[in-house]
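To keep things clear, I will list the structure first and then write my remarks on it.
Note that these values count all heavy atoms, side chains included, but never hydrogens, waters or copies made by symmetry.
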Amino acid sequence: MAGVIPMTGHRPPFPLLSPRPSLLVRLRRRSPGLGAALLGGAVAAGLGLGVFAVLVTVLWISSPYPDSGPGAALHVAAALWLLAHGAELIRADTLSGVPAPVGVTPLLLMLLPVWLVHRAARDLVEGDDDGGCGGGRAPVSGRTAWSGVVLGYLTVGGAALLYAAGGDLRPSWRWTVALVPLLAVGAAASGVWAAYGRPREPVGGALVLMPRRVRRLLPGAEAWERTGAAVRAAGAGIAAYVGGGALLVAVSLVWHGGATRAAFVQLTEGFSGRCAVLLLCLALVPNAAVWGAAYALGPGFSLGVGRVAGPLAADPAPLLPPFPLLAAVPGEGAGTPLHWAVAVVPVVGAVTVGWFVAGAAAPRGGGRTAAWSAGRTVTVGGLAAVLCGAGLAALAALAGGPLGVAALSRFGPVWWQAGGAALAWTGVVGLLVAVTVRGWRCRERREPREPREPREPREPRQHRQPQEPRPSSGRREGRTRWWLLPHAAAWLGFARPGKPNPQEPTPAATATVTEQQPATPTPQQSQAEQTQTEQTQKQAQTPAIPPPSTGPYDLLPLTEPTTPEPSDTPKAPEAGQSSP
């Protein structure tokens, strides 16, 4: 045994003959949880099919005169399940023998497959470690859960498509192949995203695929806040539009109560048939609400080729089948003020969008500095208007479709008209409301200015003391003042003898000058100044003689001018002159 070499740790000599694991086993090794994800998607599809199968089977059993067996009922159930995904059905057993399409999808039925796929993907990612109904399974990665749920769901969906293709109500391959995978992918992705707490990174990856001009509208780190505000405002606006449309449908059904009751009784007689009609009407209530919203927006909806019902006018209607919801359609003719009053619905929807945008732009309790600028508010409001118009256009496309051929080939609102009208209403009224409410809230929250520090008191200026008013002399203004004449005469040089000249200094002034100036002349003074100083001193020593009273002729000279007397002696010639 010493020379025996153990071969346990070596690879087999012929690898082609060794057993290899299957593809499913290898996928499970690489992606743990893939089997659970595939099973979850298949279960979600099976539950949806089961609900429709039970409903159709109950109605078939309760029917007093069934014209087919249980196999035909199951074919109808599979076709209705595909119709709930948005696929178009084709009815082959018509009176004319021409296949008629049925493309109006009940929007209420669409909620069932969306919710089932969403819940399956979310539960797989969250796991059930506490030992719940899943037996304590571990969480699955998001990529594995999404791919597994989609693959499992589409596997069951393909089998249902093959089974329903052999019935009288068979699905259209083109619409089924396009819409069923789209619904499964979107619902599973939303479930995984919700399980991870709705992070922003996947949405950021989706924004990269958008055009550059659209991405420029959301620059910076605050893009998520603005995008979320626009999405919330658009969702609120869509809810307001559809809610207003549902209210209009309810009012119209009450207004046309007699026609609605007659159509319900005329359509079927048995209990099971009336239950089926009632369930179909309930499933079509969201469709009717979208139709009402399109009617209120202005474009209206089509009731066949060449017949449009709107608030301004309604064309003559073709022969419509007796159905309770169709009894609420307004009559033909021009619109009346009662029809024009439906404009309240788009106004309310646009105001709702503007209010939500203003709430995000200037939240309550925030400071003025936290509010958005007017340009940013307009940008977010415009994005919300675009999203609201796109949402209503998608709902209008799903809510309508053909119900036959010829006159019934076009039924319901036109998607681009409804979306364009919603965009126009929301873009005008909504932006106006958003900017106005934002400005008003910023005005209300304008922070008061801080009080300025008190200035130091200035030193009071030295003002002159107000002079007391002089007593009035009683003389009338404008009268000639004769007392000014002596002063004027003295200024001109006409002075009385013995009366001092006003131009000459007074004795008191002379004394002051005498005290201030020395009596003896200084060497710097000129000879003329010395002479004038001596004369001033002599006049100051002479006592003042009181002047006589002033008379009317005191201004005239008192001495007559003397003429020189002629003399006999000849006058000596001056120098430079010769004698005669």
Side-chain angles (χ1 to χ4, degrees), residues 198 200 203 207 213-248 289-290 292-299 311 340-395 418-450:
R198 298 177 178 86
R200 297 177 177 179
V203 182
L207 290 178
R213 294 183 179 179
V214 178
R215 283 182 289 162
R216 286 180 179 178
L217 298 176
L218 305 170
E222 298 179 357
W224 294 112
E225 180 184 357
R226 297 194 290 271
T227 305
V231 171
R232 288 190 295 270
I238 292 173
Y241 281 118
V242 176
L247 181 62
L248 291 180
V290 176
Y295 181 87
L297 286 170
W340 302 338
V342 298
V344 177
V345 174
V347 170
V348 172
V351 168
T352 303
V353 174
W355 185 267
F356 271 76
V357 172
R364 296 183 181 273
R368 182 180 177 85
T369 57
W372 295 348
S373 62
R376 181 170 296 180
T377 304
V378 171
T379 301
V380 176
L383 181 59
V386 171
L387 294 176
C388 183
L392 281 176
L395 289 177
L423 176 62
W425 279 97
T426 311
V428 176
V429 181
L431 288 181
L432 182 62
V433 171
V435 174
T436 303
V437 174
R438 177 254 173 204
W440 180 259
R441 288 185 178 180
C442 290
R443 177 179 176 272
E444 287 180 346
R445 284 196 306 274
R446 182 172 295 175
E447 298 178 358
R449 297 180 179 177
E450 297 181 359

Q: For T377 and V357, work out which heavy atoms get closest and say how close.
A: O-CG1, 3.9 Å
(Q) Tell me the closest heavy-atom pair linking P311 and G298, and the distance in Å. (A) CD-O, 3.7 Å
Q | N/O donor-acceptor pair under 3.5 Å between W425 side chain and L297 backbone | A | yes
Q) What pairs meet the side chain to side chain donor-acceptor pair (under 3.5 Å) rule with one or both residues in residues 235-247, with sequence neighbours excluded? A) Y241-T426
Q) For the residue pair L392 and A422, what are the closest heavy atoms and their distance? A) CD1-CB, 3.3 Å
Q.
Does Y295, at its OH atom, have more than 12 non-hydrogen atoms belonging to other residues, nucleotides or ligands within less than 6.0 Å?
A. yes
Q | Smallest separation among heavy atoms of V353 and G237, with atom names | A | CG2-CA, 3.5 Å
Q) Does NZ or CZ of R441 lie under 6.0 Å from the centre of the six-membered ring of W372, at an angle within 45° of the ring axis? A) no
Q. Any idea which heavy atoms bring R438 and A358 closest together, and the distance?
A. N-CB, 4.1 Å
Q.
For a quick test of reading the model, state the closest non-hydrogen atom pair linking G244 to V345 and the distance between them.
A. CA-CG1, 3.8 Å
